[in-house]
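What follows is a set of notes on a single structure, which appears directly below.
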2 protein chains.
Amino acid sequence: MKLSLPPGVSAAAMSAAFTDFASVVGAQWVLATDEDRQTYTDHFALDESRHAPAGAVVPSSVDEVREVVRIANKHRIPLWPISRGKNFGYGGAAPRLKGSVVLDLSRMKKIEVDVENGTVLVEPGVGFYDLHDYLRKNNIPLWISVPGNSWGSVAGNALDRGVGYTSYGDHTSKVCGLEVVLPDGDLVRTGMGAMDGAPTWQLYRYGFGPAWDQMFVQSNFGVVTKLGLWLMPEPESVYAIDMELDKPEDLGWMVDVLAEFRRDGTLQQAPSIGNWLRAAAVLTKRSDWYDKPGLLPDSVINAIRQRFGIGWWSASLRLYGYRDVNRAYADVITKRISAAGKVEIKTKEWERGTPVPPDPFMGYPITFPLQNANWYGGRAAHVGFSPVLPPRGDLAMEQFRRTHAIYTRYGFDYHASFAMGERHLTNVNQVLFDKDSPEMVKQANAMFIELVDDATRHRYGEYRTHLDYMDLVASTYDFNDHALRRLNEKVKAALDPNGIIAPGKNGIWSPGYEGERA
Amino acid sequence: MKLSLPPGVSAAAMSAAFTDFASVVGAQWVLATDEDRQTYTDHFALDESRHAPAGAVVPSSVDEVREVVRIANKHRIPLWPISRGKNFGYGGAAPRLKGSVVLDLSRMKKIEVDVENGTVLVEPGVGFYDLHDYLRKNNIPLWISVPGNSWGSVAGNALDRGVGYTSYGDHTSKVCGLEVVLPDGDLVRTGMGAMDGAPTWQLYRYGFGPAWDQMFVQSNFGVVTKLGLWLMPEPESVYAIDMELDKPEDLGWMVDVLAEFRRDGTLQQAPSIGNWLRAAAVLTKRSDWYDKPGLLPDSVINAIRQRFGIGWWSASLRLYGYRDVNRAYADVITKRISAAGKVEIKTKEWERGTPVPPDPFMGYPITFPLQNANWYGGRAAHVGFSPVLPPRGDLAMEQFRRTHAIYTRYGFDYHASFAMGERHLTNVNQVLFDKDSPEMVKQANAMFIELVDDATRHRYGEYRTHLDYMDLVASTYDFNDHALRRLNEKVKAALDPNGIIAPGKNGIWSPGYEGERA
């Protein structure tokens, strides 16, 4: 991949910056060959060239990050910080703005665990496998919550509001204290970390005065170099309730029942109600089942369900805690669900002292869900569409029906889940496609825009999106003529007058990039 | 109280501002007589004149607030927003900066409840009594969490990180979505409210991009005009575990046991372990017990404990949920506590369908804890000192011993509690004093400064403080030469170049007020 330059930056300036970066991090950690650039693109992108980086710089310490940021200011080079670059479906390692230099933090891998208090301080390079291995190797009785792609960064995932399987699965809500390099190279610690040496940095999240943690999430106000996170003390017992639902319409009543259990605190974990394609796409390819385009006939869907022993929808609940308490909860839950509708329920129990199985619901890192991208064959890819709804069965059913109709019209197989938040519902739709089919790529893009449009008509906003759609989604947040964007961009201009850190991230731009907003 | 003027503002400018304010809110809602000013002082202050306001303006709508802010910019008049002005012990209704105009939002009293989802949107004038009455009058099965002073504002309390008695008692953590007038008069809504008409404004707190809610907490970045808050669905049952501990040293093991239950999620409520003076000071005066200065003899402490049937420390746990689950939890808790040390335990149960008693643990508003200010007689007052510690018994014991020694040395009766956060311990100390005794006022101030100093040596920061000590406490947050303060003040300068909104709040100042930092 040839060198791309950001707007207003000459090849000479970029070259001078690379030389300066090398003086800080060492020449071997400035990656700017054609092959290097290819490495830092988004391999799932509809059009990889749209987010082509100029190269990457890979510091090993917070001091090096500060120096890199200062150099970027000097040469006016936009940086795109990544933790480990595994944000698949949302842009991978690639920058929003073409020609940005990727600030790759994957060499920063420090882990500090506070065993007694159940917290960890991680650098961005620490992946879920790393942290899991560290805890097991040191016999620390704390569990992590992993996402479907555990190659990713623990910090990076929380900073993009990624989610996992356990009751600590709303990762960003478990963040407690950050260390951040600001766009001018200054270094702050948030919360109690603002007091030098405070033993409560990872224990009390608000500190004194305004609390900044969430301002550095899905944000370009700084580069997070350390992130505090709460971990789950290993429970006495885990109680599993796995459910298969026979009909598409079963989504409605199931959402209503689970929403109540989320509101009243019975369920601390956020169950995801996913359709039959979730399992099928991970374990097989479409061509294993059917050789025509268009809607899969019910006979094929039934064959898939039979093969994997799954419902039209599946959902998995987990209770973590004392055995007798879990059983009392399970009794309330299973009675209520069985009274509400027809469902196949399987339960099982794990007890402390017995081996922990390789189960993501018990903090075991996984990557197999990534397989789903291969459903259509060719160069695999997917992009996620994730609007936030009220947790109501009737609205979930309407959302399902409208989205299913749109998928069908564009010729895509419907792949969706409804994740039950504490008081909201996230409808995560995967758009799977074959990058080798230009027609499919074109249709995927057109469908995505229609999906955003449809959600926006119902006033449902996305909680996260791919680089390609950041400006589109940001534009749907339109109260008082985009007042929140004005506020974000006022702060951005004050903190980052040269537009160095991640221009365009989540639709937030700096002065000087006026023409770049899509 | 005579007119005070803020630095750089002439009497003529203030008078012109009052005239302009009157044109927006009506002359009767601009309060600027000597008597009005007296109303808006801090009646608990060591020195009321230090925080004397110039007057108050009392708008009735968000549009009026926006106009008032624009006028304040025009005349460079600092505003001090209050919700209901009942922040007793931290400054009441009074401004940090002498001569500020109090922006009194107590006329804004709208309440919008989403019964199904268990949320409310309140304006700042809504007090805990108002919200409680509204829910009861409309038979809405949602419970509020109240603080010890329920005269206060629901929104204001959450915005100062006040706490309450139930499992929703960490009020600020239940905030979901704000409406804010910015210092330039612009109007934003945060989270999903940034999308006009989104039904998820009170349901999903993060929105898209950086999340702002906590930036307007303990902050002077804007004026909050609406606040979303989650409410507890009325539980099937409440299980009460009340405990009396005989010896000062019992604090240590109790903290360790409760900390574990907080970490593992068994206790969703934050129990407060309080000493014998908590009850005694609310129900009696010192002179009822003893007529000499100095440390109260053990015989007096014992007499007090006997009269009220309390321990040296008391703690109250509450479980909210399904009856059988509560009982399973209670079994685990009481066994563990009884095994850990000697304690007197009383339990009781409430069930849905029976009358809700007037109990703050069940969301019933109260004010009787305010009585404690009368302990020494005279014009009653108190100020709170509240450092944040790791939740460890040994550290709690050391903190207790050191603080007790300081209280004793200064001649104050020790009045403290240790509130068990999810992963931290807040040591709330009340300094009770008689404002009619100049010597006592002087000693209270000297002791407070020594307490901050002592905590800072142990790297414990306060989570909240009185107007008098905001700069002192802010200065203890010293990482990288006060980097977080630099960041806050950079944002403050960008959003509020004229220094209109609450100059000095939590130690954050604007350009132009350089000389005011204490």
Side-chain angles (χ1 to χ4, degrees), chain A residues 117-118 161 182 186-189 192-200 203-204 206 208-211 214-215 217-219 221 230 233 263-265 268 321-322 324-325 328-329 332 388 390 421 423-424 459 461-463 473-474 476-480 483-484 486-488 490-491 494-495 506 508, chain B residues 117-118 161 182 186-189 192-200 203-204 206 208-211 214-215 217-219 221 230 233 263-265 268 321-322 324-325 328-329 332 388 390 421 423-424 459 461-463 473-474 476-480 483-484 486-488 490-491 494-495 506 508:
Chain A
N117 289 307
R161 300 204 180 98
L182 295 178
D186 205 354
L187 185 73
V188 295
R189 289 184 175 173
M192 301 308 283
M195 174 181 271
D196 200 10
T200 48
L203 302 180
Y204 178 67
Y206 301 119
F208 183 77
Q214 282 293 326
M215 287 292 279
V217 173
Q218 290 190 357
S219 152
F221 297 154
W230 290 356
R263 264 195 300 276
D264 72 14
Q268 295 288 323
Y322 296 99
D324 294 344
V325 174
Y329 271 134
V332 171
V388 175
R423 269 177 176 73
H424 75 279
R459 304 276 89 192
E462 277 193 278
Y463 90 102
V473 169
T476 68
Y477 286 82
D478 56 1
F479 176 77
N480 189 16
L484 196 68
R486 278 198 299 282
L487 174 59
N488 281 325
K490 192 176 261 196
V491 170
L495 299 183
N506 279 67
I508 301 170
Chain B
N117 290 306
R161 300 205 179 98
L182 295 178
D186 205 355
L187 185 73
V188 295
R189 289 183 177 175
M192 300 308 282
M195 174 180 270
D196 199 11
T200 49
L203 302 181
Y204 177 67
Y206 301 120
F208 183 75
Q214 282 294 327
M215 287 291 279
V217 173
Q218 289 190 356
S219 152
F221 297 154
W230 291 356
R263 265 193 301 276
D264 72 13
Q268 295 287 324
Y322 295 100
D324 294 344
V325 174
Y329 270 133
V332 170
V388 175
R423 270 176 175 72
H424 76 278
R459 304 276 90 193
E462 278 193 278
Y463 90 102
V473 169
T476 69
Y477 287 82
D478 57 0
F479 175 77
N480 188 17
L484 196 68
R486 278 197 299 282
L487 174 59
N488 280 327
K490 192 176 263 198
V491 170
L495 299 183
N506 278 66
I508 301 170

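In what follows, chains are A, B, ... by sequence order, proteins preceding strands, each numbered from 1.
In terms of non-hydrogen atom pairs under 4.5 Å with chain A, the most contact-rich of B:Gly193, B:Ala328, B:Gly421 is B:Ala328. Top candidate by heavy-atom pairs under 4.5 Å with chain B, chosen from A:Leu182, A:Val217, A:Thr476, A:Asp478, is A:Asp478. In terms of heavy-atom pairs under 4.5 Å with chain A, the best-connected choice from B:Leu484, B:Asn488, B:Val325 is B:Val325. Listed options B:Ala194, B:Gly197, B:Ser219 were ranked by heavy-atom pairs under 4.5 angstrom with chain A; first place goes to B:Ala194. Between chain B and the residues A:Arg189, A:Met195, A:Gln218, the largest count of heavy-atom pairs under 4.5 Å involves A:Met195. Your options are B:Gln268, B:Glu462, B:Met192, B:Gln214, and the one with the most heavy-atom pairs under 4.5 Å with chain A is B:Gln214. When the candidates A:Tyr206, A:Phe221, A:Tyr463 are compared by the number of heavy-atom contacts under 4.5 Å with chain B, A:Tyr206 comes out ahead. Options B:Asp264, B:Asp324, B:Ile508, B:Val491 differ in how many heavy-atom pairs under 4.5 Å they form with chain A, and the most are formed by B:Asp264.
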task: Report the C-alpha distance between A:Tyr477 and A:Phe479 in whole Å, list the side-chain angles of each, state the deciding distance to 0.1 Å, and finish with yes or no for ring-ring contact (aromatic ring centres under 6.0 Å, His included).
output: CA-CA 6 Å; A:Tyr477 286 82; A:Phe479 176 77; over 10 Å; no
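Side chain of A:Arg459 to main chain of B:Asp196: a donor-acceptor pair is present (N/O by atom type, distance under 3.5 Å, no hydrogens or angles). The backbone N or O of B:Gly118 lies less than 3.5 Å from a partner atom in the side chain of A:Arg423, making a donor-acceptor pair.
For A:Thr200 against B:Val388, the heavy-atom pair with the smallest separation is CG2-O, 3.6 Å. A:Ala494 approaches B:Lys490 most closely through the heavy-atom pair O-CD, 3.8 Å. Taking all atoms of both residues into account, the shortest heavy-atom contact from A:Leu203 to B:His424 is O-CB, 3.7 Å. In this structure, B:Ala211 and A:Met215 approach most closely via the heavy-atom pair O-SD, 3.7 Å.
Contacts of A:Tyr322 with chain B are made by side-chain atoms alone, with heavy-atom separations under 4.5 Å and no backbone atom involved. Interface remark: B:Asn480 contributes side-chain atoms only to the contact with chain A (heavy atom separation under 4.5 Å).
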